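Below is one structure, written out as structure tokens; comments come after it.
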Amino acid sequence: MHVLVLGAGQLARMMSLAGAPLNIEISAYDVSSEHIVHPLTQTVIGKGLENAIANADVITAEFEHIPHDVLETCEQSGKFLPSSEAIKAGGDRRIEKALLDTAAVRNAKYHIINTRDDFYNAIESVGVPMVLKSALGGYDGKGQWRLKDASQADAIWAEMEECITATDNQAIVAEEFVPFSREVSLVGVRGKDGSVAVYPLAENIHTNGVLSLSTAISDLELQAQAEEMFTAVANTLNYVGVLTLELFDVEGTLLVNEIAPRVHNSGHWTQQGAETCQFENHLRAVCGLPLGSTKLIRETAMINILGEDTLPQAVLEMDGCHIHWYGKEKRQGRKMGHINVCGDYSGELQRRLCALAGVLDKPAFPAVHEFAENFSSSN
Ligand code: ATP
Ligand code: MG
């Protein structure tokens with residue numbers, strides 16, 4: 001089997017690593033350079049979308065901000081999974097919100113803003129405080145504003161207006177501020193036959209808008225809610241592949257924040273912590289193979305490595321620690337790799353996270369340090 005991935009980043013790389021034992025070969029298509037590259041070495045192996053499509057049995061994507069003409073061409077080949085509709089829902093918050101409403105899953109109250117009048121109507125209907133997000137192009141907390149009280153409206157409108165005019169078809173989605181107690185996500189997979197398997201929920205800690213620590217959790221009540229929401233969204237899209245729901249936990253009630261129609265950073269823990277990792281399961285689904293078990297096999301947490309290209313040797317020496325580098329050039333704040341930390345039981349995982357805080361730099365790994373500080377003050 002030969003799978004073409006739209007996008008040549010770390011997710012395509014990890015699909016390639018997971019596909020190799022199943023004889024699934026991956027090539028990656030860099031949408032901006034139009035080069036077909038080897039997902040591990042980035043060596044250019046071909047050029048042009050038509051060429052890439054012709055050599056693939058299946059086409060999938062590692063990100064959602066893909067030009068619509070590229071999506072249409074892939075869809076017309078009959079090889080593309082999930083659908084362009086699903087990718088567009090992940091890349092445009094207007095489509096995403098409409099999808100959540102159609103699937104009848106709880107999400108934050110919202111209002112779409114194209115004009116200044118819309119903005120004032122949003123303040124009326126959604127209320128303050130309010131979170132404002134660009135419909136297109138947002139990620140890692142970029143393209144967002146917070147309106148804490150109505151006196152800030154003029155200043156924020158000036159920035160939003162600039163954002164709307166800078167990009168074709170841009171708009172702003174105003175959302176009620178959700179007073180969540182924590183953020184969790186559900187990674188799951190749906191096969192061609194409609195079968196669904198979901199991983200345990202992960203609890204996610206963000207630092208400056210970027211995921212920094214993600215830990216698989218066990219909560220039967222929340223898990224059941226999330227699984228129902230996942231099935232509703234995946235069935236509405238007739239989805240095939242791995243799909244992620246980012247969720248707010250508001251005192252035991254879940255709301256969907258956003259969806260990612262792909263493998264997700266908060267599912268990287270499955271490489272060591274689950275029977276079948278998210279990358280293998282995505283490939284199984286899009287290749288029409290039976291889904292693998294999503295069972296948790298070890299307590300696991302994932303720590304993102306942001307803007308660093310080396311780690312202390314002590315991390316490699318530590319039991320239960322697995323380093324995954326992405327082979328990228330160092331840049332401030334860039335996702336360079338991650339560490340999966342495992343324990344046979346949750347106390348062991350917690351002790352290992354504390355031990356890691358002892359060897360990792362605090363400014364670069366604030367979430368691990370915060371975990372260790374909270375742990376030592378509560379024990
Ligand atoms: P990603 O990189 O995950 O795609 P993003 O930049 O696209 O992120 P969101 O996930 O929608 O955007 O928002 C980023 C963060 O802002 C969330 O993780 C959450 O902490 C906070 N946030 C978003 N929407 C709301 C809301 N309605 N109420 C409160 N906090 C919110
Ligand atoms: Mg998000």
Side-chain angles (χ1 to χ4, degrees), residues 7 9-11 61-66 86-101 105-113 122-123 125-149 156 159-160 163 167 170-187 201-215 226 229 233 242-251 253-268 278 302 304 306 333-335 338 366-367 370:
Q10 67 266 21
L11 302 179
E62 66 148 21
F63 74 127
E64 48 275 14
H65 302 298
I66 299 172
I87 302 293
K88 286 176 188 166
D92 184 331
R93 293 190 196 276
R94 289 163 290 199
I95 303 175
E96 182 176 49
K97 282 294 201 180
L99 165 68
L100 296 175
D101 291 344
V105 298
R106 269 186 303 278
N107 63 93
K109 195 155 100 179
Y110 69 100
H111 192 95
I112 292 168
I113 300 175
I123 295 173
S125 64
V126 171
V128 173
M130 181 195 279
V131 179
L132 297 135
K133 306 178 181 180
S134 63
L136 304 174
Y139 68 99
D140 290 345
K142 294 184 177 68
Q144 292 197 12
W145 298 264
R146 301 280 190 274
L147 181 75
K148 296 199 176 96
D149 73 82
I156 289 180
E159 288 185 28
M160 292 198 309
C163 169
T167 307
Q170 184 63 286
I172 306 291
V173 178
E175 273 182 16
E176 66 176 320
F177 181 85
V178 178
F180 57 82
S181 31
R182 60 176 172 175
E183 292 187 80
V184 296
S185 56
L186 189 75
V187 176
L201 283 162
E203 179 173 351
N204 301 322
I205 311 287
H206 298 87
T207 310
N208 302 324
V210 183
L211 183 67
S212 49
L213 177 65
S214 187
T215 309
M229 292 167 131
V233 175
V242 164
L243 167 73
T244 305
L245 303 186
E246 293 184 17
L247 302 147
F248 296 134
D249 174 3
V250 188
E251 289 174 38
T253 299
L254 294 179
L255 267 79
V256 174
N257 170 29
E258 57 173 358
I259 69 156
R262 55 174 168 82
V263 290
H264 193 260
N265 198 168
S266 68
H268 292 359
Q278 62 165 347
M302 186 242 29
N304 262 346
L306 303 170
R334 194 176 197 194
K335 287 180 181 165
H338 65 272
E370 200 178 312

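Please read these numbers as outputs of a predicted model, since none were measured by experiment. Order of listing sets the numbers, starting from 1, for every ligand and every atom in it.
- When heavy-atom distances to ligand 1 are checked against a 4.0 Å cut-off, Leu211 has no atom that comes that close, whether in backbone or side chain.
- Close approach of ligand 1 to Phe180 (heavy-atom distance below 4.0 Å) involves ligand atoms 20 (O), 29 (C), 30 (N).
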Next on the checklist: Between Lys97 and Asn107, is the side-chain hydrogen bond (donor to acceptor under 3.5 Å, both in side chains) condition met? List the steps.
Outcome noted: CA-CA 8 Å; Lys97 282 294 201 180; Asn107 63 93; 2.9 Å; yes
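- Taking a cut-off of under 4.0 Å to the non-hydrogen atoms of Gly138, the atoms of ligand 1 that pass are 7 (O).
- Screening Lys133, Arg146, Lys109 for a salt bridge (Lys or Arg N to Asp or Glu O under 4.0 Å) involving Glu175 leaves a single residue, Lys133.
- Side-chain atoms of Ser181 come within 3.5 Å of backbone atoms of Glu251 as a donor-acceptor pair (strictly under, hydrogens ignored).
- For Arg93 (side chain) and Ser134 (main-chain N/O), a donor-acceptor pair under 3.5 Å exists by modelled atom type.
- Leu136 CG to Ile172 CD1: the interatomic distance, rounded to the nearest 0.5 Å, is 9.5 Å.
- The aromatic rings of His65 and Tyr139 lie tilted to each other, with the angle between the two planes from 30° to 60°.
- Note that atom 26 (C) of ligand 1 has protein non-hydrogen atoms nearby, at separations under 4.0 angstrom.
- For ligand 1, the polar-atom distance check against Ala108 finds no nitrogen or oxygen pair separated by under 3.5 Å.
- Of all atoms in ligand 1, numbered sequentially from 1 with element shown, those under 4.0 Å from a heavy atom of His206 are 18 (O).
- Shown here for Val128 and Asp149, the closest heavy-atom pair between the two residues is CG1-CA, 3.6 Å.
- Remark: the backbone N or O of Gly209 is not paired with any side-chain donor or acceptor of Lys142 at under 3.5 angstrom.
- For ligand 1, the polar-atom distance check finds no N/O of His264 at less than 3.5 Å from any of the ligand's N/O atoms.
- Residue-level proximity to ligand 1 for Gln144 is carried by the side chain, the only part with a heavy atom below 4.0 angstrom.
- The nearest N, O or S atom of Glu246 is closer to the Mg ion (ligand 2) than 2.8 Å.
- In terms of polar-atom proximity, Gly141 is counted as a contact of ligand 1, with an N or O under 3.5 Å from an N or O of the ligand.
- No other N/O/S atom of Glu258 lies as close to the Mg ion (ligand 2) as OE2 does.
- For atom 21 (C) of ligand 1, the nearest non-hydrogen atom from the set Arg146, Glu96, Glu176, Met130 comes from Arg146.
- Of the listed options Glu175, Lys109, Glu246, Arg93, Arg93 places a heavy atom closest to atom 7 (O) of ligand 1.
- Using a 4.0 Å cut-off between heavy atoms, Val131 contacts ligand 1 through its side chain alone, with no backbone atom that close.
- Every atom of ligand 1 with a heavy atom of Phe177 under 4.0 Å away is listed here by number and element: 28 (N), 29 (C).
- Residues His268 and Ser214 have side chains not in contact (no heavy-atom distance under 4.5 Å, counting atoms from C-beta outward).
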